[in-house]
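What follows is a single structure, written as structure tokens, with notes after it.
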Amino acid sequence: MDNRPSRHLLVRIRSSRCEPPDQRRLPIREIGGAHVRIGLLTEGGYPYVGGEGGLWCDRLVRGLDRHEFDVYAFSSGEAQEDAGWVPLPPQVGRVRTAPLWAAEDDGAVYGRRARRRFSEHYGELAAALCAATDPTAPDPGPATPEADRFATALRGLAELARDEGGLVAALRSETAVRALEHACRAPGALRTAREARVPDLLAVAAHLERALRPLSLDWYEEDGLGAVDLCHAAAGGVAALPGLLAHHFFGVPFLVTEYGVRLRTHYLTRPDASPAVRSLLAAFHGRLAAETYRRAAFITPGNTHARRWQERCGADRAKLRTVYPGMDATPFADAGESPESADPHTLVWVGRVEPAKDLVSLLHAFAEIRKEEPRTRLRIIGGPADPEGAAYLGHCEALAAQLFPDEAEGPHSVGVNPVSFERIGGPGLPTSADAYASGAVTVLSSVVEGFPAGLVEAMLCGRATVSTDVGAVVEAIGGTGLVVPPRNPRALAEACVSLLRDPERRVRLGAAARARALELFTVDQNISAFHGIYLEIVARTPLRRPLLDRTGDPLPFAAPAEAHVPGHWTDPTPRAVPTWAMNTPVPATETAR
């Protein structure tokens with residue numbers, strides 16, 4: 001099903017607007033409780049087909065059918081837009097998209113005063129990035145002078161974009177590069193910033209232009225993000241920027257969910273860039289993360305690993321609520337209830353093939369395993385997502401052929417190479433559940449990992465696991481599997497052999513893993529957590545517009561008199577909400593500037 005608009009409307013940065021048929025501004029509904037209008041902010045994910053993080057967003061929207069969702073989505077590329085959208089449920093009232101990968105010139109012509117305003121605000125932003133402090137140092141303090149300077153400059157640029165019709169041309173101008181150069185050469189600037197050369201300045205200015213494109217969108221209107229009760233950013237960084245601006249322009253509270261910390265991703269990219277470029281971009285994303293966490297009503301990391309990064313960037317612990325990703329346990333029920341169906345001599349690896357998964361170490365470990373347990377097979381199930389992954393897959397296949405030539409003779413011969421490279425969807429492995437169910441032990445060999453969703457799927461299948469100690473692995477398995485250091489083939493081999501030789505222990509660990517996954521990582525748990533957080537945010541947000549009934553008429557006496565009196569009930573500072581408040585229906589509200 002393709003719900004895309006026929007073409008984009010060129011409004012500032014080609015923002016497009018689509019309201020699904022038969023849903024053009026649905027009347028306010030209350031289904032079994034409180035109704036909240038949520039602006040869901042995504043980047044490269046929902047509602048696009050195959051988008052990153054799109055599955056959990058789709059499950060969240062469908063699970064909270066008592067609420068209404070307006071989706072504001074950034075696409076990651078033309079191919080993603082051409083692939084279309086997933087089918088949208090009735091509670092999605094509006095979808096607006098913007099392709100930040102290709103911005104059209106907004107046509108804004110600045111007068112002398114506007115040029116002066118841009119130069120001032122952009123210069124302040126650049127100066128905050130060049131300041132000789134580390135924005136990601138432990139407990140940096142969210143209200144440092146540099147943080148306030150960055151926030152003031154960002155708001156100033158947003159207001160300028162709103163007044164003048166956009167920032168795209170200004171951000172691409174020579175004025176921006178000169179302001180950046182002036183900040184880098186100023187007394188007290190970081191040493192790495194002072195060493196920036198012209199190519200470095202051009203690279204940083206180009207990155208800032210892309211990162212600040214959301215400021216030029218036409219989303220910040222009274223009938224846009226100003227009309228929602230709260231914004232929920234499905235990721236940090238650029239995805240959260242519209243929520244930050246809606247909070248500034250309209251006072252709309254916002255929530256940030258991070259299942260993978262974008263700031264950490266920025267640190268791991270551009271390894272070939274100069275020290276000046278890496279330093280300035282790290283400063284920008286660090287400042288943006290700190291300001292986002294500072295203004296957010298709540299921050300929901302997907303695991304303790306992400307939570308530590310957020311705290312390092314200045315996130316207030318009182319705002320943090322860990323919400324694990326929700327996974328559908330139904331497809332894995334048959335495998336989880338029949339652990340005896342697994343081949344006792346088969347190890348399984350499932351995932352996306354890429355260097356971070358360290359399949360090379362897994363293959364070397366398997367060479368040691370074969371010496372101890374010659375009948376063992378290894379099934380590597382998955383494929384690459386990009387050319388780098390395809391090249392890595394080819395390297396792994398060549399290594400497997402070298403380490404394990406076909407064995408047609410011998411007492412323990414399997415007749416074929418004991419390592420197989422397969423894809424889900426084939427005749428023998430139609431689903432991921434079939435892949436996990438095919439082996440007695442599931443192996444994870446990564447050197448970099450966020451939240452290990454594949455490992456949780458193996459747990460739902462009741463399989464014993466051997467994993468490397470990276471990311472949130474230890475937090476996910478919670479003692480129900482074996483953990484070894486990364487890049488240590490010998491330790492990985494010893495752990496696998498110990499489970500292959502002990503079937504009773506495999507069954508015991510698999511049952512414990514399944515029980516843990518069903519308790520913590522299901523869709524119901526995820527939806528319930530976000531429903532409570534939504535109501536908690538709205539319950540402590542001051543009333544900003546009249547409440548309407550089902551026909552759109554104002555509700556008399558809908559707001560208590562004390563809603564207009566300053567007090568703890570209008571205090572935005574997070575505090576515990578009593579149980580009775582969480583169970584009280586909260587009527588829908590509409591915001592006005």
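This one's a predicted model, so the numbers in the text were calculated from it and none came from an experiment.
Interatomic distance, Thr42 OG1 to His232 NE2, rounded to the nearest 0.5 Å: 11.0 Å. Note: Leu378 CG to Ser420 OG = 7.0 Å, rounded to the nearest 0.5 Å. Expressed to the nearest 0.5 Å, how far NZ of Lys357 lies from SG of Cys396 amounts to 13.0 Å. Taking CG from Leu60 and CD1 from Ile527, the interatomic distance works out to 6.5 Å, rounded to the nearest 0.5 Å. Atom CZ of residue Arg307 and atom CD1 of residue Ile299 lie 9.5 Å apart, to the nearest 0.5 angstrom. We find the CD1-CG distance between Ile380 and Leu393 to be 8.5 Å, quoted to the nearest 0.5 Å.
Side-chain atoms of Arg463 come within 3.5 Å of backbone atoms of Gly439 as a donor-acceptor pair (strictly under, hydrogens ignored). One N or O on the side chain of Ser438 and one on the backbone of Ala435 form a donor-acceptor pair closer than 3.5 Å. Put simply, the side chain of Thr480 gets close to the backbone of Ile477: a donor and an acceptor are under 3.5 Å apart. Looking only at distances, a side-chain donor or acceptor of Tyr392 sits under 3.5 Å from a matching main-chain atom of Leu359. For Arg213 (side chain) and Ala211 (main-chain N/O), no donor-acceptor pair under 3.5 Å exists by modelled atom type. Side chain of Gln91 to backbone of Val61: a donor-acceptor contact under 3.5 angstrom is found. Between the side chain of Asn303 and the backbone N or O of Tyr324, no donor-acceptor pair lies under 3.5 Å. Side-chain atoms of Asp229 come within 3.5 Å of backbone N or O of Arg37 as a donor-acceptor pair. Using modelled atom types, no side-chain atom of Asp316 and backbone atom of Lys319 make a donor-acceptor pair closer than 3.5 Å. The closest donor-acceptor contact from the side chain of Arg508 to the backbone of Pro503 lies at 3.5 Å or more, if one exists at all.
Here the side chains of Thr292 and Leu241 are not in contact, with every heavy-atom distance at 4.5 Å or above. With a 4.5 Å cut-off on side-chain heavy atoms, His67 and Tyr534 count as touching. Counting heavy atoms from C-beta outward, Asp469 and Val484 have side chains that stay 4.5 Å or more apart. Residues Leu154 and Leu288 have side chains in contact (heavy-atom distance under 4.5 Å, counting atoms from C-beta outward). At least one side-chain heavy atom of Trp101 sits under 4.5 Å from a side-chain heavy atom of Glu81. You'll find the side chain of Pro301 stays beyond 4.5 Å of the side chain of Arg308, heavy atoms only. A heavy-atom distance below 4.5 Å is found between the side chains of Leu225 and Leu41. Residues Arg295 and His247 meet the side-chain proximity criterion, which asks for heavy atoms closer than 4.5 Å.
Summarising the local packing, CZ of Arg487 is surrounded by 12 or fewer heavy atoms from other residues, nucleotides or ligands at distances under 6.0 Å.
Using modelled atom types, one finds a donor on one side chain and an acceptor on the other under 3.5 Å when comparing Glu258 with Tyr293. A donor-acceptor contact closer than 3.5 angstrom is absent between the side chains of Glu43 and Tyr72. When only modelled atom types and interatomic distance are considered, Tyr436 and Glu457 share a side-chain donor-acceptor pair under 3.5 Å. Side chains of Thr522 and Asp524: no donor on one and acceptor on the other come within 3.5 Å. Checking Thr300 against Thr257 by side-chain atom types alone, a donor-acceptor pair falls below 3.5 Å. In this structure, a donor-acceptor pair under 3.5 Å is absent between the side chains of Thr346 and Arg379. Inspection of the Glu475 and Thr304 side chains reveals an N or O donor paired with an N or O acceptor under 3.5 Å.
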Verify side chain to side chain contact (heavy atoms under 4.5 Å, CB included) between Thr468 and Asn488, making sure each step is shown before the conclusion.
-> CA-CA 9 Å; Thr468 48; Asn488 192 329; over 6 Å; no
Verdict with supporting geometry, Phe298 and Phe530, ring pair (Phe, Tyr, Trp, His ring centres under 6.0 Å) | CA-CA 11 Å; Phe298 285 109; Phe530 280 118; over 10 Å; no
Let me see the working for Ile533 and Val323 under side chain to side chain contact (heavy atoms under 4.5 Å, CB included), right down to the final yes or no.
-> CA-CA 10 Å; Ile533 291 172; Val323 180; 4.0 Å; yes
Steps toward ring pair (Phe, Tyr, Trp, His ring centres under 6.0 Å) verdict (Trp219, Phe74) | CA-CA 12 Å; Trp219 293 354; Phe74 296 135; 5.2 Å; yes
Step by step, would you call Arg210 with Leu100 a side chain to side chain contact (heavy atoms under 4.5 Å, CB included)?
-> CA-CA 7 Å; Arg210 289 191 296 272; Leu100 297 189; over 6 Å; no
Determine, step by step, whether Ile424 and Val350 satisfy the side chain to side chain contact (heavy atoms under 4.5 Å, CB included) criterion, reporting the C-alpha distance in whole Å, the side-chain angles of both residues, the deciding distance to 0.1 Å, and the verdict.
-> CA-CA 9 Å; Ile424 292 175; Val350 181; 4.2 Å; yes
Please walk me through it: do Tyr259 and Phe451 pass ring pair (Phe, Tyr, Trp, His ring centres under 6.0 Å)?
-> CA-CA 7 Å; Tyr259 286 129; Phe451 185 84; 7.4 Å; no
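Under the 30°/60° scheme for interplanar angles, the aromatic rings of His285 and His207 are found to stand perpendicular.
Of all non-hydrogen atoms in Phe254 and Gly243, the two that sit nearest each other are CD2-O, 3.5 Å. The two residues Ala493 and Ala365 come nearest to each other via the heavy atoms CB-O, 3.4 Å.
Under the 4.0 Å criterion applied to side-chain N and carboxylate O atoms, Glu291 and Arg294 are assigned as salt-bridge partners. A salt bridge does not link Glu519 to Arg514: none of the charged nitrogens lies less than 4.0 Å from a carboxylate oxygen. Between Asp502 and Arg506, none of the side-chain N atoms (NZ, or NE/NH1/NH2) sits under 4.0 Å from a carboxylate O, so this pair counts as no salt bridge.
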